[in-house]
Amino acid sequence: MIKLFKVKEKQREAAASANGRAPVKKQSAGELRLHKDISELNLPKTTSISFPNGKDDLMNFEVTIRPDEGYYVGGSFTFTFSVSPIYPHEAPKVKCKTKVYHPNIDLEGNVCLNILREDWKPVLNINTIIYGLNHLFSHPNHEDPLNHDAAAVFRDNPRAFETNVRRAMAGGYVGSSYFSRCI
């Protein structure tokens, strides 16, 4: 039976070659859905998307957010998205490439956003995640933190939190952690 499939595959390749075209790579359901999601994106003006590996690799891309309000105004934060072939049945893996002092983003770039974990549903899409990330910058949440130190300062002393955010974004130390300039 396996040989039969290989023979059929070779026949398709030969037919495609005879037509002067390269064989067409079959897209997974996840790739098709992601293509639809990206074509329907409605990005906020503070957000951009790029494909560092080229447009042929839709499953890996970057989103840059430049908040225009809140503690992080003026900063530029880049997130990598790695999308599984079984998307939308599995949430994309999202990491922040920019080291940021934030209650919901740890120093390794892991993001605490409920729709990327337990609240993910296949009806959600890339646009929903991008709006969720934007919301984290305008409304940090100290009640569900990944960076517990930042969350404690945010909860107990918002002025000190704002000072720490500014120091981190300007490029400097907050405690023993160094942050590169992102303004």
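Please read these numbers as outputs of a predicted model, since none were measured by experiment.
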- May I have the step-by-step check of side-chain contact (heavy atoms from CB on, under 4.5 Å) for L43 and I49, ending in yes or no? CA-CA 9 Å; L43 296 177; I49 187 169; 4.0 Å; yes
- Okay, side chain of S84, backbone of I86: is any donor-acceptor separation there less than 3.5 Å? yes
- Query: Taking all atoms of both residues into account, what is the closest heavy-atom pair of G75 and P67, and its distance?
  - Reply: O-CD, 3.4 Å
- For H102 and L136, indicate whether the former's side chain and the latter's backbone hold a donor-acceptor pair under 3.5 Å. yes
- Message: Evaluate Y87 against N125 for side-chain contact (heavy atoms from CB on, under 4.5 Å), listing each step before the verdict.
- Response: CA-CA 9 Å; Y87 173 80; N125 58 31; 4.0 Å; yes
- Item | Connected via hydrophobic side-chain network under 4.5 Å: V73 and F79 | no
- Query: Between the main-chain N or O of Y173 and the side-chain N or O of S177, is there a donor-acceptor pair closer than 3.5 Å?
  - Reply: no
- Item | Common cluster, I183/Y72, ILVMFWY with side-chain heavy-atom separation under 4.5 Å | yes
- Query: Same cluster or not: are L146 and V165 linked, directly or through other Ile, Leu, Val, Met, Phe, Trp or Tyr residues, by side-chain heavy atoms under 4.5 angstrom apart?
  - Reply: no
- Message: If you define the side chain from C-beta out and look only at heavy atoms, does anything of P122 sit under 4.5 Å from L124?
- Response: no
- Note on the structure: Rounded to the nearest 0.5 angstrom, the NZ-CG distance for K93 and N110 is 11.5 Å
- Message: For the CG atom of L34 and the CZ atom of F81, what is their distance to the nearest 0.5 Å?
- Response: 10.0 Å
- Message: Quick check: closest heavy atoms across I130 and P44, and the distance to 0.1 Å?
- Response: CG2-CD, 4.3 Å
- Correct closest heavy-atom pair for V83 and P92 would be CG2-CB, 4.1 Å
- What residues form a salt bridge (Lys or Arg N to Asp or Glu O under 4.0 Å) with R66, not counting sequence neighbours? none
- Task: Tell me, please, which residues at least two apart from H35 pass ring pair (Phe, Tyr, Trp, His ring centres under 6.0 Å).
- Result: none
- What's the spacing between N127 CG and D37 CG if we round to 0.5 Å? 8.0 Å
- Message: I'd like to check L133 versus F77 (side-chain heavy atoms, cut-off strictly below 4.5 Å). Are they in contact?
- Response: no
- Task: Take N164 and V153 through the test side-chain contact (heavy atoms from CB on, under 4.5 Å) and record every step on the way to the result.
- Result: CA-CA 9 Å; N164 288 347; V153 174; 4.0 Å; yes
- Message: Between S76 and T64, is there a side-chain heavy-atom distance shorter than 4.5 Å?
- Response: yes
- Message: Applying a strict under-4.5 Å side-chain criterion to I, L, V, M, F, W and Y, I'd like to know whether F51 and L41 cluster together.
- Response: yes
- Item | ILVMFWY network linking M59 to L32, side-chain heavy atoms under 4.5 angstrom | no
- Query: Counting only heavy atoms not in R159, do more than 12 sit closer than 6.0 Å to its CZ atom?
  - Reply: no
- Message: Between W120 and P88 (side chain of the first, backbone of the second, donor and acceptor by atom type, cut-off under 3.5 Å), is there such a pair?
- Response: yes
- Message: What verdict does the side-chain contact (heavy atoms from CB on, under 4.5 Å) test give for V94 and I129, after you've listed the backbone C-alpha separation in whole Å, the side-chain angles of each residue and the deciding distance to 0.1 Å?
- Response: CA-CA 9 Å; V94 178; I129 297 169; 4.3 Å; yes
- Query: What is the ring orientation for F161 with Y101, classed by angle as parallel under 30°, tilted 30 to 60°, or perpendicular over 60°?
  - Reply: tilted
- Would you call E40 and I126 a side-chain contact if the rule is heavy atoms closer than 4.5 Å? no
- Stepwise salt bridge (Lys or Arg N to Asp or Glu O under 4.0 Å) test for D106 and K95: CA-CA 10 Å; D106 69 16; K95 285 196 83 132; over 6 Å; no
- Query: Given N60 and D57, is the side chain to side chain donor-acceptor pair (under 3.5 Å) satisfied, shown in steps?
  - Reply: CA-CA 6 Å; N60 297 288; D57 184 9; 3.2 Å; yes
- Query: Would you say the side-chain atoms of E31 pair up with the backbone N or O of S28, donor to acceptor, closer than 3.5 Å?
  - Reply: yes
- Message: Nearest 0.5 angstrom please: N141 CG to H139 NE2, how far?
- Response: 11.0 Å
- Message: For the backbone of Y71 and the side chain of R166, can you confirm whether one donor and one acceptor N or O come within less than 3.5 Å of each other?
- Response: yes
- Straight-line distance of E143 CD to F154 CZ, nearest 0.5 Å: 10.0 Å
- Message: Could you tell me if the side chain of S180 sits less than 4.5 Å from the side chain of C182, heavy atoms only?
- Response: no
- Query: Picking from N104, D68, I105, what satisfies side chain to side chain contact (heavy atoms under 4.5 Å, CB included) with F137?
  - Reply: I105
- Message: Strictly distance-based, threshold 3.5 Å: is any side-chain N or O of T80 a donor or acceptor partner for the main-chain N or O of E62?
- Response: no
- Query: Just how far is it from atom CE of M169 to atom OG1 of T98, taken to the nearest 0.5 Å?
  - Reply: 10.5 Å
